[in-house]
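The next block holds one structure in the form of structure tokens; read it before the comments.
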Amino acid sequence: MKTSGQLPHEKQARPGSGAILAFPDETDLRVYGPAESQSAVFGDVRPLLTSLLDGYNVCVMAYGQTGSGKTYTMLGPHSDDGPVLPLDPQSDLGIIPRAAEELFRLISENPSRSPKVEVSIVEVYNNDIFDLLAKDTVAAVSGVKREVMTAKDGRTEVALLASEAVGSASKLMELVRGGLQLRAKHPTLVHADSSRSHLIITVTLTTATCSDSTADQACSATLPREQTEAGRAGRSRRTSQGASAPQLVPRDPAGHAEQVQARLQLVDLAGSECIGVSGVTGSALRETACINRSLAALADVLGALSEHRSHIPYRNSRLTHLLQDCLGGDAKLLVILCISPSQRHLAQTLQGLGFGIRARQVQRGPARKRPPSSQMEGKRRPD
């Protein structure tokens with residue numbers, strides 16, 4: 001969890017200068033103050049990228065009220081030019097560009113596993129899903145509307161979702177910048193550049209498992225296994241009591257290497273909003289209602305999971321349906337809570353802390369590897 005505040009009408013030391021709370025695991029709560037660097041916050045994310053290369057699904061989610069610094073935390077200062085890579089460790093760039101650079105750094109340490117990286121970007125706007133990478137001139141300013149599908153193995157997918165292969169952190173961030181240009185925004189009294197949609201960036205990593213003992217040694221050479229899973233387990237937040245070590249996908253009868261596919265989802269949620277404070281009217285008022293309803297649905301899902309209810313209301317919102325795999329599935333989940341330092345937003349701050357408590361109480365089964373979704377092509381059914 002992470003708390004930070006970025007209120008345009010209040011003087012602050014830097015954007016997102018409230019407190020920062022992070023949940024690396026069930027027993028540890030990290031709090032970052034206004035003077036903490038973006039690099040320090042990213043320290044809670046870095047071990048999860050090692051887990052991604054080991055075949056685990058990972059989700060990093062920023063939650064908080066409007067203007068509290070979520071987008072700053074995830075992306076860094078607003079700039080039309082985008083981040084310059086490689087990064088200066090002291091820069092203010094956020095989690096997403098840092099994760100991109102760290103991912104490709106880890107890949108470069110062991111290219112023998114034939115890694116393939118693909119990126120897709122969607123926004124959930126007014127409870128509809130829009131593909132921000134789709135090549136459609138008719139929807140050049142708003143993205144293309146898509147529907148959620150469920151694969152035969154139970155995973156949630158977006159039908160006809162566009163994805164692009166990338167070979168570098170710079171290319172990945174180029175796609176992110178293009179998607180951000182289509183993201184819905186509207187000024188409010190609280191935030192002059194308020195995001196009106198939930199942004200979900202999915203990085204899919206496909207790697208080959210090893211086909212002989214020599215390759216097995218190469219596959220484990222990226223980082224010592226005891227570091228990646230046991231030694232660093234305490235720093236990566238898991239919603240289960242100790243995730244078990246992943247099992248490799250079996251080789252085929254011919255002895256050829258199989259593949260493992262893992263997904264990294266980076267989620268910049270739209271901010272919860274008090275209409276009386278933000279002063280929105282017209283279409284922006286409808287946007288606020290949809291944002292608050294979807295965030296309430298997200299809190300309900302976490303509450304149901306934490307209380308071990310027989311029914312989990314994933315389908316009450318397209319946001320929760322889309323995030324079903326990382327909320328109640330086998331992903332490693334890190335929730336970052338952004339909190340405003342302003343007294344006038346105390347009610348929203350308490351609501352955000354309540355969300356964080358629910359997220360922390362969720363206990364799921366152990367994280368595990370999954371085979372590539374390409375093996376399931378043609379076996380999806382619409383919801």
Side-chain angles (χ1 to χ4, degrees), residues 1-7 10 12-13 15-36 38 40-41 43-45 59-74 94-95 188 190-191 194-195 198 235-239 267-278 288 291-309 313 317 319-320 323 326-328 332-364:
M1 248 174 131
K2 173 177 178 181
T3 64
S4 63
Q6 181 182 2
L7 299 177
E10 299 179 12
Q12 298 185 355
S17 65
I20 294 180
L21 302 129
F23 288 144
D25 57 37
E26 288 86 352
T27 61
D28 191 9
L29 170 64
R30 297 185 188 276
V31 180
Y32 296 95
E36 293 283 0
Q38 294 274 63
V41 176
D44 281 316
V45 179
C59 180
V60 180
M61 178 188 304
Y63 176 96
Q65 67 205 67
T66 184
S68 61
K70 298 178 301 300
T71 300
Y72 175 83
T73 300
M74 296 300 288
I95 287 172
T188 71
V190 176
H191 199 309
S194 177
S195 299
H198 309 295
R235 295 195 60 200
S236 60
R237 181 197 184 275
R238 283 172 289 200
T239 50
V267 185
D268 179 21
L269 295 170
S272 60
E273 196 168 296
C274 177
I275 295 174
V277 176
S278 64
T288 297
I291 290 170
N292 288 343
R293 278 199 298 268
S294 62
L295 293 175
L298 180 57
D300 288 343
V301 165
L302 293 174
L305 287 169
S306 66
E307 295 170 8
H308 306 287
R309 298 179 200 165
S317 166
L319 172 67
T320 50
L323 296 177
C326 70
L327 294 174
K332 295 187 177 185
L333 173 64
L334 172 65
V335 175
I336 298 174
L337 181 59
C338 301
I339 299 296
S340 168
S342 173
Q343 179 69 27
R344 67 183 177 128
H345 296 297
L346 180 59
Q348 292 282 72
T349 295
L350 294 176
Q351 178 182 336
L353 291 172
F355 177 91
I357 291 172
R358 288 188 178 188
R360 198 178 186 192
Q361 290 173 340
V362 175
Q363 295 183 357
R364 302 174 298 174

Report task. List the steps and the verdict of side chain to side chain contact (heavy atoms under 4.5 Å, CB included) for I95 and I336. Result -> CA-CA 11 Å; I95 287 172; I336 298 174; 3.1 Å; yes

Query raised in the report: Can you name the nearest heavy-atom pair linking C59 to V267, along with the distance?
Result: SG-CG2, 4.0 Å

Query raised in the report: Where do T73 and C338 come nearest, in terms of heavy atoms and distance?
Result: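 Shortest heavy-atom separation between T73 and C338 comes out as OG1-SG, 3.9 Å.
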
Query - Working for side chain to side chain contact (heavy atoms under 4.5 Å, CB included), residues T66 and I291 - result: CA-CA 10 Å; T66 184; I291 290 170; over 6 Å; no

Report task. Show the numbers, then the answer: is there a side chain to side chain contact (heavy atoms under 4.5 Å, CB included) between Y32 and D44? Result -> CA-CA 11 Å; Y32 296 95; D44 281 316; 2.6 Å; yes

**Report entry** Separation between OG of S195 and NZ of K70, rounded to the nearest 0.5 Å
**Finding:** 7.5 Å

Query - Interatomic distance, D268 atom CG to Y63 atom OH [nearest 0.5 angstrom] - result: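 Result: 13.5 Å between the selected atoms.
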
Requested in this report: Can you sort out the partners of T288 under side chain to side chain donor-acceptor pair (under 3.5 Å), two or more places apart, ordered by chain and number?
Outcome: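 With neighbours one apart ignored, the set is R196, E273.
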
Let me have the donor-acceptor pairs involving side chains of residues 296-309, under 3.5 Å, with sequence neighbours excluded, atom names and distances please.
residue: S306; atom: OG; partner: L302; partner atom: O; Å: 3.3
residue: S306; atom: OG; partner: G303; partner atom: O; Å: 2.8
residue: E307; atom: OE1; partner: R309; partner atom: NE; Å: 2.9
residue: E307; atom: OE1; partner: R309; partner atom: NH2; Å: 2.9

Report summary line: Residue set satisfying side-chain contact (heavy atoms from CB on, under 4.5 Å) with S272, at least two apart, ordered chain then number -> Q65, N292, L295, Q348, Q351

